[in-house]
Every structure is written in C-alpha cells, then in structure tokens.
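Take a look at the structure set out below.
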2 protein chains.
Amino acid sequence: MARWEPGARERLVVAAVDLFTEQGYDDTTVAEIAARAGVTRSTFFRHFTDKREVLVAGQETLSRLLAEGIAQAPEGVGPLDAVAAGLARAADEMGPLNRELGPRLKAAVAASSELQERDALKSVGLAAAMRTALIERGIEDPSAHLAAEIGLLAFKRGYAAWCGQDRRDDDGLAPHMLAALDELRTAATLLR
Amino acid sequence: MARWEPGARERLVVAAVDLFTEQGYDDTTVAEIAARAGVTRSTFFRHFTDKREVLVAGQETLSRLLAEGIAQAPEGVGPLDAVAAGLARAADEMGPLNRELGPRLKAAVAASSELQERDALKSVGLAAAMRTALIERGIEDPSAHLAAEIGLLAFKRGYAAWCGQDRRDDDGLAPHMLAALDELRTAATLLR
C-alpha cells in the first residue's frame, strides 16, 4: 500500500469495504465497487485481479516492510528483537485510514468464508516473509519459524488493540505492536 | 476422519488426491473423483460439499481430538503439557493411510492457490480449537493464544517429519509431534 494516498487504489479499497459491510461480500460486484469509487471497471482491474484481492491489498508491501525491518535490525540481536524491528517498520507505514478500515474489514471477513480463507493465506504469507528474513540473518529453524509466528501474533494483537475501544487519536500502531510482542515474549519464557 | 476405515469417504479422499496429483486440481471434476472411488456423485455430496473440502477432510475430527486431549490433561499442568496431550490424542487416530497421503496432499496444495487458502483456514481452525480448550482450562491469553500456535507448529513439523524421508514402518506419529513440541519449547525459552 506504500503511504496511504487518496488515489484510485485507496478509493477502491474504501468503496469495497463499505459495500461488503452494507450489502455483504457475495452480493457485491466489481462494477459496484468501481462505481462507488468513481472509477471504471478497467481501472479496478489495473489494481486488483478480483474483488477478493481488494481485502488483502497491501499484503506484498507489508511482507516487504516486515522483511526489510528484520534485515536492517542491528547485527547480533536475537530473533524477537529483529522481529520487533520488522513490526516497527511495517507499522510506520500504516495510518489513520488503516485504523478506520480495520474493524469494518474484520466484520466483512467474519461474514464470508471465502474471505476468511484468503485472509488466512495472507497471514501465512506474512509469517513466511518474516521467517525467511530471519533465516537470512543466520537464525535457524525452529527458532526462525517460532519467532515468525510470534511476530504474526504480535502483529494481529497489536493491530486489534490499535483499532479497538481504547483508541486515542494521537497514538501510532508501532507501540501497540511492540507492547503485544513484549507480552508474548514474557509469555513464551513462562510456558511449561 | 475417526478411525481410518476403507469406506466410501476414505476412498473418495484417496481418489481425489490421486487425481489432483495426476491431472491437477483445476482439471479434476467431482464426477471423476466419484468414478475413481467407485461411488455415485450423490454419494460424493453426502460426504463433501465440493471437491475442495475433500482435502480438508478430518478438520472437525482433528479439532475435536485436539480439544479433548487438552481438556483431559492432568489438572495443574502447564499450557504446553496440555497441548502435548492434545497432540498425542490426535496423532493416535492417524494411521498408515494418512502417512502415505501426506506428501501427495502437500503437493496438490502447493500446486493450487485455491487449496492453499483452504488449507490455511484449516490451520486457523486447529489453532482456534486448541486455544479455546486452553482457555477453558483457565489459561489466559496471550499464553493460550501462544501455546495454541506453538501446538499448531508442532503438529505441522511433526507431521512433516513423520511423512518425510527418514520414515521407518513401525514408528507412530505421536513421538514425532511430541519431539517437535519439545524442540519448540526449548526454542521458546531461548528467544530474545
């Protein structure tokens, strides 16, 4: 998604989430999404292969940011500190619109098994990107595998907290993700 | 799947995996699967809603077994010991046919994005079943969430090892899953 700009792609995402929420995913067509966003069908198809892909917009960018952050973490830090750098890098690119869309997107996913499947595969992709980046730092499996899954959990829990009820206007996503990661780090050491 | 019996359901799974491997998922029809299994199309639809569901046959049974094992673990044991009980319970129900189908099923999933999505959602379902069972034991999030994800990793890694190259005819799945869990448990305490 890069920086969130009010371009056609972003308008299409907002229009799609609105329509999925209003009338359901199954009953929404690409033509309706394009019309609501004020663009043509062919503009839609320049950005997305189908209506389902709208909801995972940004997966590739997110994967790249997570991997970049992990790659650029200081040498010698442990896997979870590298993951923290990845989460911070990704979080810094997500702004108010992401926060506003989060709960509506979640509702649309919850109401459609097709979207749940696509959403699950998105999670698999994000974890895989982190795992690969960790392995490239010389961290071996199963530590890399485990740290990537903990990173994914921190991503989800931090994002949910950011989008949740206690939101203040001025707080960014990164502190929520890093707090979630710290909580999981503590939990990991206490597991028996 | 309950105990693996040579009934229509099992024949349909074998036929589907064979056909997906031979000619690809997209090019395989329900009619072909039914014919290969020696049953009618209506028998197919008594067991599965569509061809995709064949590949996640047993998800509900697996979820139930994992949850039962966790619920029946001795009182007072930690979350990962409860998860170990769940894995052992599920593994005990998986036999030679599961082991033989594993690699072919994996190849079929790898070749189809549609199957990857469904497979990813299956994983989400298994982890959710473990997390719920842990919460019912009084274990709170994020420990329950984390232990369930570690359990899912152990399930996948143990299953892959069992289906892998070093297989001996006489070893069961449970030791592989429990070894994978122990490895992850050690990795979790060493993460920084």
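We name chains A, B, ... by the order of the sequence lines, and we start the count at 1 in each one.
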Open item on the list: Any heavy-atom pair between the side chains of Leu152(A) and Glu149(B) that's under 4.5 Å?
Closed with: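 Sidechains of Leu152(A) and Glu149(B): no contact.
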
Task: Shortest non-hydrogen separation from Leu191(A) to Ala147(B) and the atoms involved - done: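 Heavy atoms only, the tightest pair is CD2-CB, 4.2 Å.
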
Open item on the list: Can you confirm whether more than 12 heavy atoms, excluding those of Glu53(B), are under 6.0 Å from its CD atom?
Closed with: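 More than 12 within 6.0 Å, yes.
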
Open item on the list: Looking at Gln72(B), I want to see if its CD is surrounded by more than 12 non-hydrogen atoms of other residues, nucleotides or ligands under 6.0 Å.
Closed with: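 More than 12 heavy atoms, drawn from other residues, nucleotides or ligands, come within 6.0 Å of this atom.
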
- [ ] Please list, in residue-number order, every residue in residues 177-186 of chain A that has a heavy atom less than 4.5 Å from any heavy atom of chain B; write 'none' if there are none.
- [x]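 Result: Glu183(A), Leu184(A), Arg185(A).
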
By number, which residues in [range] have some heavy atom less than 4.5 Å away from chain A?
range: residues 116-140 of chain B; value: Gln116(B), Glu117(B), Arg118(B), Ala120(B), Leu121(B), Val124(B), Arg131(B)
range: residues 76-86 of chain B; value: Gly76(B), Val77(B), Gly78(B), Pro79(B), Leu80(B), Asp81(B)
range: residues 23-36 of chain B; value: none

Open item on the list: Is Leu146(A) close to chain B through its backbone or its side chain, or both, or neither, when contacts mean heavy atoms under 4.5 Å?
Closed with: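 Both parts, heavy atoms under 4.5 Å.
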
Do [X] and [Y] belong to the same hydrophobic cluster, where Ile, Leu, Val, Met, Phe, Trp and Tyr are linked whenever their side-chain heavy atoms lie under 4.5 Å apart, directly or via other members?
X: Leu55(A); Y: Val39(A); result: yes
X: Leu65(B); Y: Met94(B); result: no
X: Phe48(A); Y: Val109(A); result: yes
X: Val56(A); Y: Val54(A); result: no

- [ ] Heavy atoms only, distances under 4.5 angstrom: which of Ile150(A), Asp141(A), Thr189(A), Leu153(A) has the most pairs with chain B? Name it, please.
- [x]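 Result: the option with the highest number of such pairs is Leu153(A).
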
